Amino acid sequence: MCIRDSQRTVRNIELREAYSNLEAGPATFSIGKKILSWGKATFFNPVQKINPVDPTFRSPEEDDMNMGSWLAQGTLNMGKSMRITGTWKPVYQPSVLLIDAIPMPGYVHFIEPEYPSQELDQGSYGVNYDLYTSLLDGSLYWFDGYHHWPGIAFDTMTLDLNAMQPASLNIFEKAYRIRMLGMDLSIPLASWIFRLEGAWTDTKDDPAEREYVPLSELAYTAEIERSGTYFTLLAGYQGKYILDYEGPAAEPSLSADPDQFLELIQSGVQITPGLIHEMTRQRLSAFNRLYNDQLDEFFHAVFLLLRGNVWHDRLELNLPIVYRITTGEWIIQPGISYAPADGVKISAGFSSFYGPEDSLYDLVGPPLNAGYLSVKFMF
């Protein structure tokens, strides 16, 4: 597998899943490295706070972005239509941040990340209850632990007062704990499927004091899917409401603003280490909010998926489009797959991010916009 790390291309072999199951009547126990799938929505899953992902991984299969986690899990089947599952993750596994591909100024350094230790009280816990009936499928979720997306924390910064340029800025990835209560619902009706999903997420630390911690929020997704013999159409909406919202105190950035320090000196303000610390921390806080779609009190996005299957499912065309209304950003990922023979699948496509100046997708788009070609053999 190919991964990106600090502007370097590294080739590495990684174990995605390896676990064993023990079945005892209505109960099943599992231990090992496993990929967890929470949520029924297709594009955006507000309840998915437990499983890490790598959004920089290019593949025709969306699930290939999922990463495995070391865990212990127990499931109890309560009849034919209900089950409850408990999950414990003793080891923290972070997701791959999109910012890994962003070119940084020479004075910006990512130092060693700060993740939770492997202790019993530092683990993450999740419980989900599933209901399956002929009329609907629904689930309830509770999660108490570390969000798989780490935040960007401030360490130290030094300023060259003679040149009025930053000399060094040290930042690092830091995990934070959350509580999440969520639900999803899937209702089939003839050739239509209606899906709803929502989650309340609360952070245990104060975002005003810790720049890497996002604000508490309500996130929700609604989508409708129409399946036919040859074509599938899916359309939906994603939204957020930020609880206890306050506007950011600075512009979002992973670097310092020399012009801002120069303006302060010219106005007679004394530059102190404490002032440098606070101003830089505010910019990092705003960037974390940019990354988590929390710059505005409300966030809105719409998405559309067109899929066609012809020649007895040997040729498949996909066109997912996402428009983030609040930020004016786009995701466009056209793809095509062809199966020339049984057990062989050839896929090609392009993944692209576009956005206005200084938006998140404007930053990550140039290094991440790329095509892919895949040949898969199944036997």
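From a predicted model like this one, the values you see are computed outputs, not experimental measurements.
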Q. Will you find, in the side chains of Glu316 and Asn318, an N or O donor that is under 3.5 Å from an N or O acceptor?
A. yes

**Q.** Tyr245 (side chain) donor-acceptor with Leu215 (main chain) under 3.5 angstrom
**A.** no

Q: Would you give the length of the straight line joining atom CG of Asp137 to atom OH of Tyr132, rounded to the nearest 0.5 angstrom?
A: 6.5 Å

Q: With side chain to side chain donor-acceptor pair (under 3.5 Å) as the test, would you mind laying out the steps for Gln122 and Tyr146 before giving the verdict?
A: CA-CA 9 Å; Gln122 295 295 303; Tyr146 288 93; 2.7 Å; yes

Q) Run the side chain to side chain contact (heavy atoms under 4.5 Å, CB included) check on Phe194 and Leu189 step by step: do they pass? A) CA-CA 8 Å; Phe194 301 88; Leu189 186 61; 4.2 Å; yes

Q: Check the side chains of Ser351 and Gln333 for a donor-acceptor pair under 3.5 angstrom, ignoring hydrogens and angles.
A: yes

(Q) Main chain of Leu360, side chain of Glu329: is a donor-acceptor contact present, judged purely on distance under 3.5 Å? (A) yes

Q) Between Ile152 and Glu211, which heavy-atom pair has the shortest distance, and what is it? A) O-CG, 3.9 Å

(Q) Show, in sequence, the C-alpha distance, side-chain angles and deciding distance for Phe303 and Phe43, and conclude whether the ring pair (Phe, Tyr, Trp, His ring centres under 6.0 Å) test is met. (A) CA-CA 8 Å; Phe303 50 88; Phe43 276 84; 4.8 Å; yes

(Q) For the backbone of Met67 and the side chain of Asn51, can you confirm whether one donor and one acceptor N or O come within less than 3.5 Å of each other? (A) yes

Q: Look at Arg289 together with Asp296 and state whether they make a salt bridge at an N to O cut-off of under 4.0 Å.
A: no

Q: Evaluate the side-chain proximity of Trp70 to Lys89: yes if any heavy-atom separation is below 4.5 Å, no if none is.
A: no

Q: Check whether NZ of the Lys or CZ of the Arg Lys49 lies under 6.0 Å from the centre of the six-membered ring of Phe143 and within 45 degrees of that ring's axis.
A: no

(Q) What verdict does the side chain to side chain contact (heavy atoms under 4.5 Å, CB included) test give for Asp63 and Ile35, after you've listed the backbone C-alpha separation in whole Å, the side-chain angles of each residue and the deciding distance to 0.1 Å? (A) CA-CA 10 Å; Asp63 290 342; Ile35 293 175; over 6 Å; no

Q) When you look at Thr280 and Leu169, which way does the side chain to side chain contact (heavy atoms under 4.5 Å, CB included) test go after all the steps? A) CA-CA 9 Å; Thr280 307; Leu169 171 60; 3.7 Å; yes

Q) Have Ser253 and Arg283 got a donor and an acceptor in their side chains that come within less than 3.5 Å? A) yes

Q. Does Gln48 reach the main-chain N or O of Leu36 with its side chain, forming a donor-acceptor pair under 3.5 Å?
A. yes

(Q) With a 6.0 Å cut-off (strictly less than), is the heavy-atom count around CG of Asp206, excluding the residue itself, greater than 12? (A) yes

Q | Sub-4.5 Å side-chain heavy-atom contact between Arg324 and Phe299 | A | yes

Q) Are the charged groups of Glu225 and Arg195 less than 4.0 angstrom apart, N to O? A) yes

Q) Can you tell me how far OG of Ser374 sits from CG of Asp64, rounded to the nearest 0.5 angstrom? A) 8.0 Å

(Q) Under 3.5 Å, is there a donor on one side chain and an acceptor on the other for Ser352 and Asn369? (A) no

(Q) One pair to check against side chain to side chain donor-acceptor pair (under 3.5 Å): Asn128 and Ser139. What are the steps and the verdict? (A) CA-CA 7 Å; Asn128 58 294; Ser139 300; 5.8 Å; no

Q. Do Gln73 and Tyr19 have side-chain N/O donor and acceptor atoms under 3.5 Å apart?
A. no

Q: Given side chain to side chain donor-acceptor pair (under 3.5 Å), test Ser347 with Lys376 step by step and report yes or no.
A: CA-CA 8 Å; Ser347 303; Lys376 181 181 292 187; over 6 Å; no

Q. When rounded to the nearest 0.5 angstrom, what is the spacing between CG in Leu131 and CG in Leu136?
A. 6.0 Å

Q: Give a yes or no on this: more than 12 heavy atoms of other residues, nucleotides or ligands lie within 6.0 Å of atom CD of Glu17.
A: yes

Q) ring-ring contact (aromatic ring centres under 6.0 Å, His included) with Trp330: which of Tyr323, Tyr354, Tyr361? A) Tyr323

Q) Closest approach of Asp184 and Lys40, non-hydrogen atoms and distance? A) OD1-NZ, 2.7 Å

Q. When you check the side-chain N and O atoms of Asn21 and Ser30, is any donor under 3.5 Å from an acceptor?
A. yes

Q.
I'd like to know if the side chain of Ser95 and the backbone of Val53 have a donor-acceptor N/O pair within less than 3.5 Å.
A. yes

Q: Compute whether any side-chain donor of one residue and acceptor of the other, for Gln238 and Thr221, lie under 3.5 angstrom apart.
A: no

Q) Would you say His109's side chain and Ile111's backbone share a donor-acceptor pair under 3.5 angstrom? A) no

Q) Do Ser191 and Arg226 meet the criterion of a side-chain donor-acceptor pair at a distance under 3.5 Å? A) yes

Q) Would you call Tyr129 and Met82 a side-chain contact if the rule is heavy atoms closer than 4.5 Å? A) yes

Q. Got a second to check how far Tyr237's OH is from Phe44's CZ, nearest 0.5 Å?
A. 11.5 Å

Q: Looking only at non-hydrogen atoms, find the nearest pair between Pro248 and Ala286 and report the distance.
A: CB-CB, 4.1 Å

Q) Tell me, do Phe287 and Leu363 make a side-chain contact under 4.5 Å, heavy atoms counted? A) yes

Q.
Tell me the closest heavy-atom pair linking Pro320 and Pro334, and the distance in Å.
A. CD-N, 4.3 Å

Q. Is there a donor-acceptor contact under 3.5 Å from the side chain of Glu197 to the main chain of Ala41?
A. yes

Q: Is it possible for you to check whether Arg281 lies under 6.0 Å from the centre of the six-membered ring of Phe154, through NZ or CZ, and within 45° of that ring's axis?
A: no

**Q.** Thr56 side chain to Asp54 side chain, donor-acceptor N/O pair below 3.5 angstrom
**A.** yes

Q | Modelled atom types, side-chain donor and acceptor of Lys33 and Ser69, under 3.5 Å | A | no

Q.
Tell me whether the rings of Tyr92 and Tyr115 are parallel (<30°), tilted (30 to 60°) or perpendicular (>60°).
A. tilted

Q. What distance separates Ile31 CD1 from Leu71 CG, expressed to the nearest 0.5 Å?
A. 8.5 Å

Q: Would you check if Met157 and His277 make a side-chain contact, meaning some heavy-atom pair closer than 4.5 Å?
A: no

Q: Quick one: do Thr133 and Ser81 satisfy side chain to side chain donor-acceptor pair (under 3.5 Å)? Show the steps, please.
A: CA-CA 6 Å; Thr133 72; Ser81 60; over 6 Å; no

Q) Hey, are the side chains of Tyr230 and Asn309 touching, using non-hydrogen atoms and a 4.5 Å cut-off? A) no

(Q) Does either side chain, that of Arg83 or that of Asn77, offer a donor lying less than 3.5 Å from an acceptor on the other one? (A) no

Q) Can you name the closest pair of heavy atoms from Arg210 and Asp205 and give their distance? A) CD-CB, 3.6 Å

**Q.** Test log, rule side chain to side chain contact (heavy atoms under 4.5 Å, CB included), inputs Leu98 and Tyr291
**A.** CA-CA 9 Å; Leu98 285 171; Tyr291 196 92; 3.6 Å; yes

Q. Which atoms form the tightest heavy-atom contact between Val47 and Met180, and what is the distance?
A. O-CE, 3.2 Å

(Q) Counting C-beta onward and ignoring hydrogens, is there a side-chain heavy-atom pair between Tyr338 and Lys345 closer than 4.5 Å? (A) no

Q.
Could you see if Phe350 belongs to whatever hydrophobic cluster contains Leu317? Use Ile, Leu, Val, Met, Phe, Trp, Tyr and a side-chain cutoff under 4.5 Å.
A. no

Q) With side chains defined as the heavy atoms from C-beta onward, is the minimum distance between Gln294 and Pro214 less than 4.5 Å? A) yes

